[in-house]
Peer 1: 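Sharing a structure with you now.
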Amino acid sequence: MKDSNCIFCKIAAGEIPSKTVYEDEKFRVVMDLGAASEGHALIIPKNHYANLMELDEETAAGVLPLAGKISRAMMKGLKCDGLNLVQNNGEEAGQTVMHFHLHVIPRYKGGAEVIEWKPGSPTAEEMEAAASRIKAEL
Ligand code: 5GP
Ligand code: ZN
């Protein structure tokens, strides 16, 4: 369940030192080396899953409660004004480390933008067509 070439496997296992804020049997939560804001953390499962599509359901079920726990601690401890959860899958989506991780990014009034997109304006037909293609695979 580990990939010997994967840096996040090594970080999660404690083989590469990291600023750890939380650890249990399944997860390690560390400070991001390239933090987008003060306190930016990464929730990393100890087992190797390349992305969300590969994540097993039991691990997946642990991620959001842990994100909630870390978020509550950030709101109190960092006095941030909000936070974003970000989870990239695939190079095209900005994933650079191919071991599933969830970013927990504290946000501060007046701080830098973290996630931005320009809202589009799909037609009803376009939305229906996209929805049908997804539904066909469920
Ligand atoms: P991604 O772009 O894959 O969603 O995010 C990868 C994140 O991992 C980036 O925000 C990057 O700053 C962080 N990162 C990359 N290498 C290391 C490392 O060795 N240690 C830590 N703590 N963070 C890392
Ligand atoms: Zn890994």
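Numbers here simply count residues along the sequence, with the first being 1. Counting starts at 1 for both ligands and their atoms, following the listed order.
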Peer 1: Counting C-beta onward and ignoring hydrogens, is there a side-chain heavy-atom pair between Met98 and Cys6 closer than 4.5 Å?
Peer 2: no
Peer 1: Can you tell if the side chain of Phe100 reaches within under 4.5 Å of the side chain of His48, non-hydrogen atoms only?
Peer 2: no
Peer 1: Can you report which non-hydrogen protein atom sits closest to atom 10 (O) of ligand 1, along with the distance?
Peer 2: Asp32 OD2, 2.5 Å
Peer 1: Could you measure the distance from the CG atom of Asp3 to the NZ atom of Lys10? Nearest 0.5 Å is fine.
Peer 2: 8.0 Å
Peer 1: Please report the interatomic distance CD1(Ile115) to CG(Asn84), rounded to the nearest 0.5 Å.
Peer 2: 4.0 Å
Peer 1: Which residue holds the protein heavy atom closest to atom 3 (O) of ligand 1, what is that atom called, and what is the gap in Å?
Peer 2: Thr96 N, 2.7 Å
Peer 1: Of all the non-hydrogen atoms in the protein, which one sits nearest to atom 15 (C) of ligand 1, and at what distance?
Peer 2: Val97 CG2, 4.1 Å
Peer 1: Should you measure from each heavy atom of Gly34, which atoms of ligand 1 turn up under 4.0 Å away?
Peer 2: 12 (O)
Peer 1: Do any nitrogen or oxygen atoms of His101 come within less than 3.5 Å of a nitrogen or oxygen of ligand 1?
Peer 2: yes
Peer 1: Is Ile11 close to Ile44 at the side-chain level, that is, under 4.5 Å between some pair of heavy atoms?
Peer 2: yes
Peer 1: Using a heavy-atom cut-off of under 4.0 Å, does the side chain or the backbone of Leu42 touch ligand 1, or both, or neither?
Peer 2: side chain
Peer 1: Does an N or O from Met31, backbone or side chain, lie closer than 3.5 Å to an N or O of ligand 1?
Peer 2: yes
Peer 1: Please determine whether residues Ile7 and Leu102 belong to a single hydrophobic cluster, defined as Ile, Leu, Val, Met, Phe, Trp and Tyr linked transitively by side-chain heavy-atom distances below 4.5 Å.
Peer 2: no
Peer 1: Does the distance from a Lys or Arg side-chain N to an Asp or Glu carboxylate O, for Lys46 and Glu25, drop under 4.0 Å?
Peer 2: no
Peer 1: For ligand 1, which atoms sit closer than 4.0 Å to a heavy atom of Asn88?
Peer 2: 1 (P), 2 (O), 4 (O)
Peer 1: Can you measure from CG (Leu78) to CD (Glu38) and round to the nearest 0.5 angstrom?
Peer 2: 6.0 Å
Peer 1: Determine whether the side chain, the backbone, both or neither of Phe8 has a heavy atom under 4.0 Å from any heavy atom of ligand 1.
Peer 2: side chain
Peer 1: For Ile11, counting its heavy atoms only, list the atoms of ligand 1 lying under 4.0 Å from any of them.
Peer 2: 18 (C), 19 (O), 20 (N)
Peer 1: So, does Gly94 sit close enough to ligand 1 that a heavy atom of it is under 4.0 Å from the ligand?
Peer 2: yes
Peer 1: Salt bridge check, Arg107 against Asp81: does any charged N sit closer than 4.0 Å to a carboxylate O?
Peer 2: no
Peer 1: Atoms of ligand 1 less than 4.0 Å from Ile7 heavy atoms?
Peer 2: 19 (O)
Peer 1: Mind checking whether Val29 and Leu66 have side chains closer than 4.5 Å, heavy atoms only?
Peer 2: yes
Peer 1: At a cut-off of 2.8 Å, what protein N/O/S atoms sit near the Zn ion (ligand 2)?
Peer 2: Cys6 SG, Cys9 SG, His48 ND1, His99 ND1
Peer 1: Nearest protein heavy atom to atom 21 (C) of ligand 1, by residue and atom, and its distance?
Peer 2: Leu33 CG, 3.5 Å
Peer 1: Between His103 and ligand 1, find which residue part has any heavy-atom pair under 4.0 Å and reply side chain, backbone, both or neither.
Peer 2: side chain
Peer 1: Give, for atom CD of Glu54 and atom CG of Asn47, the distance between the pair rounded to the nearest 0.5 Å.
Peer 2: 12.5 Å
Peer 1: We want to know whether Asn51 and Tyr49 form a side-chain donor-acceptor pair, criterion being a heavy-atom distance below 3.5 angstrom.
Peer 2: no
Peer 1: Check the pair Phe8, His101 against ring-ring contact (aromatic ring centres under 6.0 Å, His included), reporting the backbone distance first and the verdict last.
Peer 2: CA-CA 9 Å; Phe8 276 13; His101 52 279; 5.1 Å; yes
